[in-house]
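Each chain gets a letter, A, B and so on, in the order the sequences are listed, and its residues count up from 1.
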Amino acid sequence: MNAVEIEEAVSDLSQEPFDAAEFPFSFLAAFGNKEATIKRLRSGNTNKSDVGGVLQRNNIHIAVAEPGQTVETLARLKASPQTERQKAKFILATDGAQLEAEELGSGEVLSCRYGDLGNNFGFFLPLAGISTVAEVKNNPIDIKATSRLNRLYVQLLKDNADWGSPDKRGDLNRFMARMIFCFFAEDTGIFQGDDLFTSTVQTMTEADGSNTRDVLLRLFDAMNTRAPDGAARPGFPSWADRFPYVNGGLFADDIGCPTFSRTSRAYLLRAGELDWKTINPDIFGSMIQAVADEDERGELGMHYTSVPNIQKVLDPLFLDDLREQLEQAGTNKRMLFNLRQRLSRIRVFDPACGSGNFLVIAYIRMREIEDEIMRRRGEALTRSAISLTQFFGIEIKSFAAEIARLSLLIAEFQCDVRFIGQAEARALVLPLHATGNIRQGNALRIDWEEVCPPATVSAEERDLGGPTGRLNLEGGSEEREIYICGNPPYQGSVNQSQAQKADMESIFKKYLKTYKDLDYVSSWFVRAAEYLKGRSGVAAFVSTNSICQGEQVAMLWPILFKLGLEIDFAHTSFLWKNNASNNAGVTCIVVGIGNLTRQKLLFEGSEVRAALGITPYLTIGERVIVRKQTSPLSPIAKMQSGNKPTDNGNFILDGEDKRSLVRSFPETERLFRRFVGSRELTQGGDRYCLWIKDNDLAVASANPEIGNRISNVRAFRLESRGKQANENAETPHRFVFSPHTGGSCIAVSNVSSERREYLPANYFSGDTVVSNLASVAYDAPLWNFSIIVSKLHLAWIATICGKLKTDYRYSNTLGWNTFPVPKLTATDKARLTRCAADILLAREAHFPATIAELYDPEMMPTDLRAAHDCNDETLERIYIGRRFRNDTERLEKLFEMYTKMTTKKERAN
DNA sequence: TATCCGACATACA
DNA sequence: TGTATGTCGGATA
């Protein structure tokens with residue numbers, strides 16, 4: 001359950017008549033406990049209460065109090081030994097009128113009327129495991145507003161089936177934006193009189209909803225009609241005439257109005273009851289997208305960018321430069337004036353703007369800088385020089401686009417209140433100003449220049465530019481400063497929709513033959529590069545880290561470099577996080593691409609490094625791009641993918657199942673091989689696979705269990721949408737890819753934790769089948785093992801290969817075949833073989849410890865570490881005659897060798 | 001054929 | 001339910 005669903009459930013509970021016996025269970029149900037859990041509590045099996053209440057282990061101790069005895073009952077809960085023994089996080093006592101609760105960890109207490117429980121649901125959110133909710137807890141209004149609008153929206157669609165059609169949806173979305181504006185306006189004094197809108201609807205409409213539509217249409221009309229100076233507008237009844245002229249585009253179009261039922265009218269009024277003035281246009285806007293989108297409803301704000309992550313984009317993009325210019329200006333009035341002029345001319349463009357939170361944050365930060373300018377000039381601000389028309393966006397979803405326009409207006413009003421004053425803000429706000437230029441459409445298909453036309457600046461304007469700090473406009477642009485930013489959608493090639501693939505084709509076909517493995521997000525980088533071509537500027541996006549790793553680097557980055565761009569700044573990988581309870585599972589980076597001559601900044605966690613250049617692997621250094629290749633660059637062993645079953649689990653048995661099968665059918669013994677994937681290689685474990693040679697097929701099929709497994713594989717492969725699976729459906733006893741030779745091999749895990757200092761690799765005899773979760777070198781001399789487990793090789797893999805989150809991912813084509821190795825003499829090989837054997841021996845000495853245990857960086861046995869040290873020393877001496885000082889030096893050498901070896905090869909061709 | 005990756009997947013404590 | 005660490009097989013070349 002997400003926070004909105006919990007809010008709805010808790011609010012409902014507190015509105016129902018109080019049922020003393022049922023309350024504890026209904027309360028737990030509201031926080032998402034499963035029916036089975038509650039059943040067990042009810043039966044007493046898991047109820048640990050010692051005071052006649054309900055105590056759920058690790059969660060909450062609830063007791064219903066005698067009327068008027070809530071405080072006393074809470075004290076009893078607190079004193080109860082079971083409360084502590086069962087590690088309750090909360091205690092709660094209520095008599096149906098008053099409610100007392102305490103969070104035991106923090107000592108925070110809640111005391112409220114029972115009916116007000118819905119407004120305090122945030123207090124209990126940790127019960128649902130939602131603990132990253134500091135902002136939500138402090139500002140529950142955003143969640144409550146979302147939840148109530150959600151109900152209204154769904155009900156309106158039920159009452160007005162025709163409004164659900166694609167061409168009418170936009171009108172419904174515009175209608176919702178109007179409602180939100182009215183709720184906001186009546187709580188902030190934009191409308192004269194508290195709750196003017198809600199109370200007008202309340203009093204003027206029938207309870208059955210029949211004339212709600214007529215009343216609303218009348219109000220819309222009024223808000224779109226300018227009043228003759230101070231006089232009443234002719235033709236409007238006085239209740240409608242009390243509404244001001246609002247317009248600003250919001251009420252201009254005739255979108256009609258949906259019809260209301262008793263229920264939808266009630267939801268409208270309930271939404272109006274909230275106090276909307278503290279709405280956060282960034283948080284709320286992102287959450288509310290879920291309202292109009294069934295797909296998103298379950299994931300509630302999963303993809304909205306948190307403010308810290310937005311700042312990772314906006315600060316280095318242009319805000320830090322503005323702040324620096326402010327510092328340099330000190331109290332110099334002329335310089336401060338110039339900076340304010342500059343602020344009034346900057347354009348911010350988010351081509352994937354969603355509900356507009358990047359634009360909103362950019363606007364607020366710019367207003368803060370303007371406020372500081374005014375303070376230093378000793379002047380009072382009467383009207384901001386920054387206009388919403390400086391903000392541009394493209395958004396594919398109509399409702400989000402609508403919300404983006406509205407969020408900017410709300411942000412403007414809130415900034416006016418904060419920096420000018422309450423009364424002045426009210427006086428300024430109506431009629432609504434033009435809001436941001438938000439275009440609804442597919443950013444990969446429409447012309448960006450049309451949405452955000454680059455305008456030239458006058459010579460005078462250019463003089464005002466910031467020749468300070470990192471930004472140098474001198475001799476550069478004749479155009480306005482435009483900053484492109486945002487968090488476009490990510491989608492790997494496997495999961496792209498047909499429409500997204502078509503979008504990709506429209507962008508990449510002219511640059512590349514093979515582009516289909518690129519992530520969808522890379523389209524935005526190319527579009528931005530095309531937009532910036534021939535003018536100066538910077539574009540920065542939050543992105544999945546995969547565009548700066550592995551195979552995608554060689555596809556995407558040459559295009560961007562050719563368009564004249566460099567990496568202007570970047571944040572290395574960080575885990576995606578926002579306030580949503582179910583975060584998207586992705587590791588992100590921020591990359592700014594631009595063509596300004598300013599120093600480059602690389603942010604790694606809390607550290608920043610300035611540099612002359614940043615590579616597409618997000619390291620500092622000279623630009624080298626490593627391309628995958630099918631055979632090794634150096635004279636080293638051939639390495640391949642492991643054996644791929646595509647069996648839906650049918651070929652694989654754990655040790656116990658395999659043994660019991662073989663006990664019953666001894667003739668099946670030879671059909672099995674030990675099976676090793678990433679997990680077995682590192683963490684050990686006992687798994688076997690069916691490895692059926694064609695001439696054993698009769699034996700295999702004759703066995704009921706194995707025959708059954710084979711036919712399951714056939715069915716699975718037939719149903720699969722993968723070509724390889726289909727093609728191998730008629731040989732269902734075989735793996736779909738099987739390089740296994742029956743000889744011995746060296747295997748490296750394809751994924752491994754970044755905590756380890758050495759790659760997990762091992763040596764296997766011919767009776768073990770290595771799965772496609774590892775890469776294998778069959779019949780390879782042991783000195784290859786020495787290279788694989790070296791620090792030198794790991795440094796290369798860590799930089800060049802792809803990653804799974806930030807963990808190492810091994811690839812033969814990208815990491816092994818490209819690895820530069822100097823010519824090895826027979827003596828070199830003998831020494832390395834010796835080192836490899838010593839490592840294997842050192843491991844053996846700790847039998848049966850697994851590789852994961854042995855290579856835990858904190859527990860690594862000294863003899864094993866010594867063997868590795870010796871191995872690294874021996875190998876590194878072959879490279880440079882001594883040990884490398886660090887990984888930076890290792891990579892420098894490797895890149896130098898790689899460049900030399902690949903250019904030589906090119907010349908030879 | 002043969003890989004590379006996943007707005008991931010899932011087992012733990 | 002946050003933390004730790006690697007499954008599995010589709011889409012692509």
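- Here A:N487 lies in heavy-atom contact (under 4.0 Å) with a base.
- Here A:N750 lies out of heavy-atom contact (under 4.0 Å) with every strand.
- Salt bridge annotation for A:D647-A:R709: absent, with no cationic side-chain nitrogen under 4.0 angstrom from a carboxylate oxygen.
- Separating the P atom of B:dC5 from that of C:dT7 is a span of 15 Å, rounded to the nearest Å.
- Remark: the A:N545 side chain and the A:S573 side chain contain an N/O donor-acceptor pair separated by less than 3.5 Å.
- With salt bridges taken as basic N to acidic carboxylate O contacts below 4.0 Å, one links A:E757 and A:K791.
- A:P760 comes within contact range of no nucleotide atom at all, as no heavy-atom separation falls under 4.0 Å.
- Side chain A:R717 to base C:dG9: no donor-acceptor pair is found below 3.5 Å.
- Contacts of A:S546 with the nucleic acid, taken as non-hydrogen atoms under 4.0 Å apart, involve only primed sugar atoms and P, OP1 or OP2.
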Check nucleotides 10-13 of chain C against the protein and report each pair of N or O atoms closer than 3.5 Å, with its distance, or say if there are none.
| residue | atom | partner | partner atom | Å |
| --- | --- | --- | --- | --- |
| C:dG10 | OP1 | A:S720 | OG | 2.9 |
| C:dG10 | OP2 | A:S720 | OG | 3.2 |
| C:dG10 | N7 | A:K644 | NZ | 3.2 |
| C:dG10 | O6 | A:K644 | NZ | 2.7 |
| C:dA11 | OP1 | A:R721 | NH1 | 2.5 |
| C:dA11 | OP2 | A:R721 | O | 3.2 |

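- Within 4.0 Å of A:T630, counting heavy atoms only, lies no atom of the nucleic acid at all.
- Residue A:Q683 is in sugar-phosphate contact alone, with no base atom involved, counting any heavy-atom pair closer than 4.0 Å across all strands shown.
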**Report entry** Stepwise side-chain contact (heavy atoms from CB on, under 4.5 Å) check, A:V586 with A:Y490
**Finding:** CA-CA 9 Å; A:V586 63; A:Y490 325 149; 4.0 Å; yes
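- Using a 4.0 Å heavy-atom distance criterion, A:S749 is classed as making no nucleic acid contact.
- Here A:R755 reaches the OP1 or OP2 of C:dT5: one of its side-chain N or O atoms lies under 4.0 Å away.
- Within the structure, a side-chain polar atom (N or O) of A:N812 is placed less than 4.0 Å from OP1 or OP2 of B:dT3.
- When each of A:S678, A:S811, A:S641, A:S775 is checked for a side-chain hydrogen bond (donor to acceptor under 3.5 Å, both in side chains) with A:N750, only A:S775 meets the rule.
- Atom P of C:dT5 sits at a distance of 22 Å from the matching atom of B:dA7, rounded to the whole Å.
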Report task. Give DNA chain B the dot-bracket treatment, 5' to 3': Watson-Crick (N1-N3 with N6-O4 or O6-N4) or G-U (N1-O2, O6-N3) under 3.5 Å, [ ] crossing, | other strand. Result -> ||||||.||||||
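- Side-chain nitrogen and oxygen atoms of A:S678 include none within less than 4.0 Å of the OP1 or OP2 phosphate oxygen of C:dT5.
- Aromatic ring centroids of A:F525 and A:F541 lie under 6.0 Å apart.
- The side chain of A:R756 contributes an N or O atom lying less than 4.0 Å from OP1 or OP2 of C:dG6.
- In this structure, a donor-acceptor pair under 3.5 Å is absent between the side chains of A:T850 and A:Q683.
- Using a 4.0 Å heavy-atom cutoff across all strands shown, A:P489 reaches at least one base atom of the nucleic acid.
- For the OP1/OP2 pair of B:dA2 and a distance below 4.0 Å, the side-chain nitrogens and oxygens of A:S641 include no atom meeting the criterion.
- With A:W557 contributing its side chain and A:I547 its backbone, the two residues share a donor-acceptor pair below 3.5 Å.
- In this structure, the nucleotide among B:dT3, B:dG6, B:dA7 sitting nearest to the side chain of A:T544 is B:dG6.
- Checked for salt-bridge contact, A:D807 and A:R755 miss the test: no charged N lies under 4.0 Å from a carboxylate O.
- A donor N or O paired with an acceptor N or O is not found under 3.5 Å between the base of B:dA7 and the side-chain atoms of A:N545.
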